[in-house]
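A short write-up of the structure that comes next.
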Amino acid sequence: MSEGTLYDKVWDRHKVTTLPTGQDQLFVGLHLIHEVTSPQAFGMLRERDLEVAYPDLTHATVDHIVPTSSKDRPYADDAAEEMMAELEENVREAGIDFSHPETGDQGIVHVIGPEQGLTQPGTTIVCGDSHTSTHGAFGALAFGIGTSQIRDVLATGTVAMEKQKVRRIEINGELPEGVEAKDVILEIIRRLGTEGGVGYVYEYAGDVVENMDMEGRMSICNMSIEGGARAGYVNPDETTYEWLEGRDAVPEGEAFEERKEYWESIRSDEDAEYDDVVTIDASELEPVVTWGTTPGQGVGVTEPIPDPEDLPEDKQDTARRAQEHMGVEPGETMEGYPIDVAFLGSCTNARLPDLRRAATIVEGREVDPDVRAMVVPGSQRVKAAAEAEGLDEIFKEAGFEWRGAGCSMCLGMNEDQLEGDEASASSSNRNFVGRQGSKDGRTVLMNPRMVAAAAIEGEVTDVREIKEVSPQ
Amino acid sequence: MSDEVEIPSVEEVSGTGVAIRGNDIDTDQIIPARFMKVVTFDGLGQFAFFDQRFESATPEESRDGDGDAVVADEQKDHPMNDPEHKDASVMVVNANFGCGSSREHAPQALMRWGIDALIGESFAEIFAGNCLALGIPTVTADEETIAELQEWVEENPDGELEIDVADETVTYDGKTVDVTVDEAQRKALVEGVWDTTALMKANADAIEETAESLPYVEDGKRV
Ligand code: SF4
C-alpha cells in the first residue's frame with residue numbers, strides 16, 4: 001500500500017472512522033451539485049425527513065441541460081425547465097450557494113469550482129459526476145459519486161469509500177511543438193488502457209506536469225476517469241498557489257500564507273511509496289486523435305490506425321466494431337478524415353487558455369463551408385474574459401458560432417446534438433457511440449488547436465502544419 | 001449527541017412472486033433512459049419495464065398530462081401487467097440481471113413497483129450494489145433451482161415465498177432450498193449496516209471533530 005503520498009495524507013486528515021462495512025467514512029470538504037444527479041438525492045432526504053448537514057460546504061450550478069443558445073426562461077424543453085426549477089427550489093430551501101445563470105458565474109461544474117477558488121489543495125471534493133477528477137489538478141482528492149452517496153453527503157457531510165492504490169505517472173522531458181495536455185492524457189489512456197486505472201488513483205508528475213499551467217493539469221486530471229482511475233491529482237506548487245490567490249473563496253493576506261503551509265504539508269513526500277510507477281518520455285509524443293469509440297482508441301495523428309488483429313485478443317472485437325462505426329481502415333492515418341462538426345467545449349478543454357490557443361489557429365481564416373463549428377465556453381466567466389480579449393470576434397469572423405456556457409454537445413442533453421452520421425472533431429472527453437446525441441454520430445477526440453484546424457480544413461489536420469497567428 | 005440509529009436488519013423477506021425470464025436484462029430495459037430526465041425517484045415504479053409492458057414509445061405518448069404512465073388498453077402481455085401478480089414482492093430472474101448503465105433508477109423503479117427482494121442466477125455487480133443501498137437482497141441460485149422457482153411462481157401467483165437471508169434459504173411450496181447470498185451483502189443486511197446514511201449519521205460527534213480539525217473548516221463553514 002502507498003505511504004506518504006498526497007492521497008494518503010489527505011485521506012487520513014478527512015477520515016472520520018472505519019465503518020462496519022469495511023469502508024472508511026470520509027469528511028467531504030466541498031460538495032458540488034448540479035441539476036441531473038442531485039434532485040433524486042434531495043427527494044430521498046425529504047422522504048426521511050433529513051436536512052442538508054453542511055449547506056455552507058455545498059455549491060450548486062446548472063450545466064448539463066442548459067440551452068447554450070439563449071438563457072431565457074422557461075426553457076423550451078419542459079424536462080429541462082422542470083429540472084432547473086427543482087434545483088432552484090432545493091438550493092433555496094437548503095440555503096446552498098448557487099452559481100445561477102443570472103449571476104454571471106454559471107458554468108460547467110468542473111470549470112466553476114476552480115474558477116471561484118472553491119477547489120483548493122488538501123480538500124476532499126465530491127460531485128455526482130464522474131469528471132470530478134478534474135479538481136485533482138489542485139492537489140484535492142476529488143471523486144465522482146452516485147445518487148445514494150449524494151444523499152449520504154447531503155445528510156451527513158461524509159461519504160463511505162474504500163481506499164485505492166496509488167500509481168505515479170511521470171511524464172519527463174519537454175513536450176514537442178504542437179503537443180499539449182490533452183495529448184498527454186489521451187496517450188496515457190491509450191498506453192494503459194481504459195481499464196488500466198481500475199483500483200487506482202493517479203498521481204501525475206514529472207517535468208511536463210510541473211511546467212504545465214493549471215488549465216493543462218485540469219485537462220489531464222479530467223480524463224483520469226476515462227483511464228479507469230477513480231481520481232487523479234497533481235501535487236500543489238507555486239503555479240497552483242499563484243493561480244488561486246485572489247479568487248473568491250480563497251483566504252487573503254496572512255490567512256493565505258498560513259493556508260499555503262497546510263497545502264505544502266500535504267504534498268507527497270520525496271520518499272513516498274507508490275503501488276506502481278509509470279514513466280513516459282514526452283519527446284516521443286505527437287498530437288493524438290481517436291480513431292474509435294472509446295477514449296483509449298487513440299493514435300498519433302501521423303501514425304497508422306492499428307489493425308485489430310495486432311491488438312490484444314480481448315480488444316479485437318471492439319476495435320473491429322469501432323472501425324466499422326467510424327468508417328476507418330487499418331493502416332490509414334486519421335489525417336484527412338472528413339469532419340462535419342467542430343465542437344470546442346466541455347470540462348476538458350473550454351477554459352480561457354484553450355480558447356486562446358485555438359484562436360491562434362482560427363485567426364484570419366475561414367471555417368470550411370461544409371462544417372458546423374461552435375465554441376461553447378466552459379463558464380460565463382470564461383466567456384466574458386474571452387470576449388474582453390476579442391476572442392469571440394476572431395471565432396465569429398471565421399464562421400464559428402459563439403454560444404453560452406454549458407455541457408452542450410459534450411453529451412447532447414440540450415439542443416446541441418449531432419445529426420445522423422455526422423462526424424465531429426471534439427475537444428471533449430468521450431467518443432462513445434451516441435454520446436453527442438445521435439446513435440450514428442461519430443466523434444474524434446483531439447486537443448483544441450486540432451479542433452480549430454479541423455474546422456478550417458474540413459478534415460482531421462495535423463495542426464503542426466498550420467502556421468499560427470501570434471496572439472495579440 | 002450521537003443519534004441512536006436503528007437500521008432495520010433484513011433477515012427475511014416474504015411475499016408472492018413474479019418471474020421475469022431472460023438473461024442479460026439490462027438497466028435500459030428495467031427503466032428506459034427517457035424516464036431519467038426526472039427530478040425524483042417517486043413514481044418511477046410505473047415505468048419499470050415500460051417498453052416490455054406498454055405499446056407506446058415516446059415519453060410524450062407514454063405519459064399522460066400528469067406525468068403518469070398511460071395504461072388502459074395499450075398493455076402488452078407481461079407478467080407485471082397480470083393482475084394476479086400486481087402485489088408481488090419477490091422477483092425471480094435469470095442470469096446477469098441488471099447489466100449495463102449503473103443508473104440507480106433501475107432498482108428504485110423495481111422497489112417502487114413493489115419489489116423487496118430478487119432471486120436470480122446472477123446479478124450485475126453495480127446493480128446488486130445499488131439494490132443493497134436500498135436494503136434489497138439479491139440472492140442467487142443455480143439455473144435448475146431458478147427454473148423450478150419461476151415455474152412455480154407462474155403457476156402459483158398467490159403462493160408465498162420466504163427468503164431467509166441469514167440462513168441462505170428460500171422456502172416455498174412446503175419445501176426449503178439452498179440459495180447463496182454474497183458474504184458482504186449478507187453481513188450488511190443481517191447486521192443492519194446496509195444503510196450508509198443512517199450508519200454514518202450516527203457518528204455525528206466524530207464527523208464534527210474531523211471537520212473542526214481541518215484548517216479550512218470552522219463551525220461547519222468554509223474559511
Ligand atoms: S462537459 Fe461533458 S464530461 Fe464535462 S461535466 Fe459536462 S457532460 Fe460531463
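Labels below follow one simple rule: chain letters A, B, ... track the order of the sequence lines, proteins then strands, and each chain is numbered from 1.
- Remark: A:E93 CD is packed, more than 12 non-hydrogen atoms of other residues, nucleotides or ligands lying under 6.0 Å away.
- When heavy atoms are compared at a cutoff of 4.5 Å, A:T37 does not approach chain B at all.
- In this structure, A:D56 CG and B:E218 CD are separated by 12.5 Å, a value rounded to the nearest 0.5 Å.
- Between chain B and the residues A:S38, A:G157, A:P55, A:P20, the largest count of heavy-atom pairs under 4.5 Å involves A:P20.
- In terms of heavy atoms, B:Y216 sits closest to A:T124 at OH-N, 3.5 Å.
- Contact of B:A211 with chain A is made through backbone and side chain together, with heavy-atom distances under 4.5 Å.
- Neither the backbone nor the side chain of A:D12 comes within contact range of chain B, judged by heavy atoms closer than 4.5 Å.
- Proximity of a side-chain donor or acceptor of A:R259 to a complementary backbone N or O of B:V223 within less than 3.5 Å is detected.
- Taking 4.5 Å as the limit, every side-chain heavy atom of A:K15 sits out of range of all side-chain heavy atoms of B:T210.
- With hydrogens and angles ignored, the 3.5 Å screen pairs no side-chain donor or acceptor of B:E104 with any backbone N or O of A:G146.
- Proximity to chain A (any heavy atom under 4.5 Å) is restricted, for B:Q108, to the side chain, taken from C-beta onward.
- B:E143 CD: 12 or fewer foreign heavy atoms inside a 6.0 Å radius.
- With a threshold of 4.5 angstrom between heavy atoms, A:V250 does not approach chain B through any atom at all.
- For A:R46, no part lies near chain B; criterion is any non-hydrogen pair under 4.5 Å.
- With a 4.5 Å cut-off on non-hydrogen atoms, A:L30 touches chain B through its side chain but not through its backbone.
- Note that CG of B:D219 is 10.5 Å distant from OH of A:Y54, once rounded to the nearest 0.5 Å.
- At a 4.5 Å heavy-atom cutoff, the contact between A:E47 and chain B is made by side-chain atoms alone.
- Between the side chains of A:D152 and B:T196, a donor-acceptor pair is found at a separation under 3.5 Å.
- For the atom pair CZ of A:F27 and CD1 of B:I207, the computed distance is 8.0 Å after rounding to the nearest 0.5 Å.
- No more than 12 heavy atoms of other residues, nucleotides or ligands sit less than 6.0 Å from atom CG of B:D77.
- Of the atoms belonging to B:V193, heavy atoms from both backbone and side chain fall under 4.5 Å from chain A.
- Per-residue heavy-atom pair counts under 4.5 Å with chain B were compared for A:G43, A:G22, A:G29, and the maximum is reached by A:G29.
- Residues A:L118 and B:R222 approach most closely at CD2-NH1, 3.4 Å, considering heavy atoms.
- Using a 4.5 Å cut-off between heavy atoms, B:K221 contacts chain A through both its backbone and its side chain.
- Closest approach of A:L57 and B:G220 over heavy atoms only: CG-O, 3.7 Å.
- Both the backbone and the side chain of A:S148 come within contact range of chain B, with heavy atoms under 4.5 Å apart.
- Here A:L19 contributes atom CG and B:N203 contributes atom CG; the two are 6.5 Å apart, rounded to the nearest 0.5 Å.
- Taken from OG1 in A:T21 to CG in B:D195, the straight-line distance is 11.5 Å, to the nearest 0.5 Å.
- Among A:M413, A:R48, A:E35, the residue making the largest number of heavy-atom pairs under 4.5 Å with chain B is A:R48.
- Only the side chain of A:L50 comes within contact range of chain B, judged by heavy atoms closer than 4.5 Å.
- Note that CE of A:M44 and OG1 of B:T197 are 8.0 Å apart. Values are rounded to the nearest 0.5 Å.
- With hydrogens and angles disregarded, no donor-acceptor distance shorter than 3.5 Å links the side chain of A:Q40 to the backbone of B:F41.
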